[in-house]
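These notes are about the structure you will find just below.
This structure is a prediction, so every number in the text was calculated from the model and none was measured. For the numbers below, each heavy atom of this structure counts, side chains included, while hydrogens, waters and symmetry mates do not.
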Amino acid sequence: MKLGALAAVLGKSEQLSAVDRDREILSLTQDSRKAGSGAVFVALRGYHVDGHRFVAQAAKQGAAAVVVEESSDTGPLPGVVVIRADDTRKALAALAAKFYDYPSNRVKLVGITGTKGKTTTSYLVKSVIEAAGRSSGLIGTIEYRIGNRVYAAPNTTPESLEVQALLAEMAEQGVSYCVMEVSSHALALGRTDGCAFEAAAFTNLAPEHLDFHETMDAYFNAKLLLFTGMTHGKAAVVNIDDPRGKEIIAGLTTRVITYGFSEQADVRPRAPIDQTMQGLSFTAATPAGDIAIESSLVGTYNVSNILAAVGLGVALGFSRDDISRGITAMAAVPGRMEREDEGQPFGVVVDYAHTEGSLAALLEAIRDMAPRRVITLFGCGGERDRTKRPKMGAAALANSDLVIVTSDNPRPEDPLA
């Protein structure tokens, strides 16, 4: 790809000489160590490290061009084209989408955002897609998956360059749909800019990530970006049991399918809901007609996750049979109410619950199974939202016979403090 074509998406092409516009670009990177010959290096300001410190290194390694913020002082970089942008994160997203030829136009992209339920819902939707005979990819908290190929997931939603690279690989492999967990960080930082979503779902909003967003309104507004960026004719699936769901719907021009326990919801459970240790059974009312649900998932909150997946299945035009079979086929999600059975005379459940609400819902679901005693082992990550720590402690105490607090990735914090 020519540098001029890349620079054009930033409105900078005309500022380059004809010779520079004609430079052949072989790679795009935010990692200076990968900035070899023919590369464009984009300098990002991170939490701990500023990529602008490595501009000279990228130039020394043969980078054809560097993209830096307007205020940065790069010093002399002989033979290297310097392109300045107001926000290099936004610039990287635009450049990545162009470099990989807008892969979300070739793979139908399904986004799921919310504080709780994203991962379980994403696996359910992936299962529905596959039950319909379509190939699928997954980008989420646990893993990034393209067919049978699995990559580790350092972030729920990766940086924009990796998002576009993953989508491009899916398109090349003939994947029809990609299901993506879309985090509030990703939306606020522009990681999904340049992505065209076919459908998107909002699960709920609860206090989380306030170390980054600072206020609940800022947190919500980040989530809202997923929907305000959708084009006319696409579908939004929204939980109307959550007060913020109505706020999302109010500003949308896209097709809306609501879900929840409310009688006003487009997708809702018909009574009764049968809950046992073996799973859930109920009938879901939908705009496409009633759908029989049998799932090995347990807990009332998983009814809500299933309804979200059903809503997305309806939005994407899958048949009732495909939706029903897909929900049944999804047996478990790693780390989500995951039962461990090594023949021990007591139950063991592993769950990712990392907020007050998630932990309380998990333990209430455990209590519904009528165990004689509940022992809860949990921790809170270091260098993250500290306001939730006492709340999670209270939730654990309220629903457990014994609570053990442990170190959960303390990062540079002193665990004993």
Side-chain angles (χ1 to χ4, degrees), residues 28-31 89 92-97 99-130 134-203 209 222-223 225-227 229-230 234-237 305 308-309 312-313 315-316 326 330 333-336 352 354:
L28 180 66
T29 183
Q30 77 237 31
D31 184 342
R89 285 190 179 277
L92 178 62
L95 291 168
F99 186 79
Y100 286 104
D101 192 24
Y102 303 97
S104 62
N105 291 334
R106 289 169 278 144
V107 177
K108 290 185 178 180
L109 189 54
V110 181
I112 301 167
T113 197
T115 307
K116 299 174 286 186
K118 293 190 299 295
T119 300
T120 299
T121 303
S122 70
Y123 275 78
L124 287 164
V125 174
K126 183 176 186 294
S127 186
V128 168
I129 291 166
E130 291 167 356
R134 311 297 177 85
S135 56
S136 68
L138 181 73
I139 299 175
T141 304
I142 297 174
E143 61 191 6
Y144 307 151
R145 183 180 286 272
I146 302 173
N148 294 323
R149 189 175 300 172
V150 180
Y151 302 97
N155 296 305
T156 297
T157 314
E159 192 56 75
S160 58
L161 180 59
E162 190 173 0
V163 166
Q164 298 298 335
L166 287 167
L167 291 173
E169 185 178 347
M170 291 180 197
E172 185 178 327
Q173 296 298 320
V175 170
S176 303
Y177 290 82
C178 173
V179 185
M180 180 192 295
E181 292 184 56
V182 187
S183 69
S184 58
H185 283 75
L187 289 161
L189 296 172
R191 292 178 188 167
T192 56
D193 287 5
C195 289
F197 288 91
E198 187 72 17
F202 168 76
T203 61
H209 303 308
K223 298 287 190 189
L225 290 172
L226 176 59
F227 301 94
M230 293 177 71
K234 306 306 180 183
V237 177
N305 294 332
L312 284 167
L316 295 169
M330 209 289 288
V333 179
R336 302 303 191 275
Y352 183 67
H354 61 286

Closest approach of P158 and I139, non-hydrogen atoms and distance? CD-CG2, 3.5 Å

Just list the side-chain donor-acceptor pairs under 3.5 Å for residues 109-116, sequence neighbours left out, or say none.
{"unit_1": "T113", "atom_1": "OG1", "unit_2": "V182", "atom_2": "O", "d": "2.7"}
{"unit_1": "T113", "atom_1": "OG1", "unit_2": "K223", "atom_2": "NZ", "d": "3.2"}
{"unit_1": "T115", "atom_1": "OG1", "unit_2": "A206", "atom_2": "N", "d": "2.9"}
{"unit_1": "T115", "atom_1": "OG1", "unit_2": "A206", "atom_2": "O", "d": "3.3"}
{"unit_1": "T115", "atom_1": "OG1", "unit_2": "Y219", "atom_2": "OH", "d": "2.9"}

Tell me, with the steps shown, if I129 and S176 meet side-chain contact (heavy atoms from CB on, under 4.5 Å). CA-CA 9 Å; I129 291 166; S176 303; 5.9 Å; no

Closer than 3.5 angstrom, by distance alone: can the side chain of R106 be matched with the main-chain N or O of D101 as a donor-acceptor pair? yes

How long is the straight-line distance from SG of C195 back to CG of L226, given to the nearest 0.5 Å? 10.0 Å

I'd like to know if the side chain of S122 reaches the main chain of T119, judged simply by a donor and an acceptor atom lying under 3.5 Å from each other, with no hydrogens or angles considered. yes

With rounding to the nearest 0.5 angstrom, report the CZ to OG1 distance, F99 to T29. 10.5 Å

All side chain to side chain contact (heavy atoms under 4.5 Å, CB included) counterparts of R89, not counting sequence neighbours: L44, D87, E159, L189

Can you sort out the partners of A222 under side chain to side chain contact (heavy atoms under 4.5 Å, CB included), two or more places apart, ordered by chain and number? S184, A188, H213

Return yes if a side-chain donor-acceptor contact under 3.5 Å exists between Y151 and E162, otherwise no. no

Residue pair F227 / A201: nearest heavy atoms and the distance that separates them: CZ-C, 3.6 Å

Short question: side chain of S160, backbone of R191 - any donor-acceptor pair under 3.5 Å? no

Donor-acceptor under 3.5 Å (E181 side chain, T141 main chain): yes

Heavy-atom closest pair (A309 atom, T121 atom, distance to 0.1 Å) is N-CG2, 4.0 Å

Indicate yes or no: does R134 engage E130 in a salt bridge with an N to O separation below 4.0 Å. no

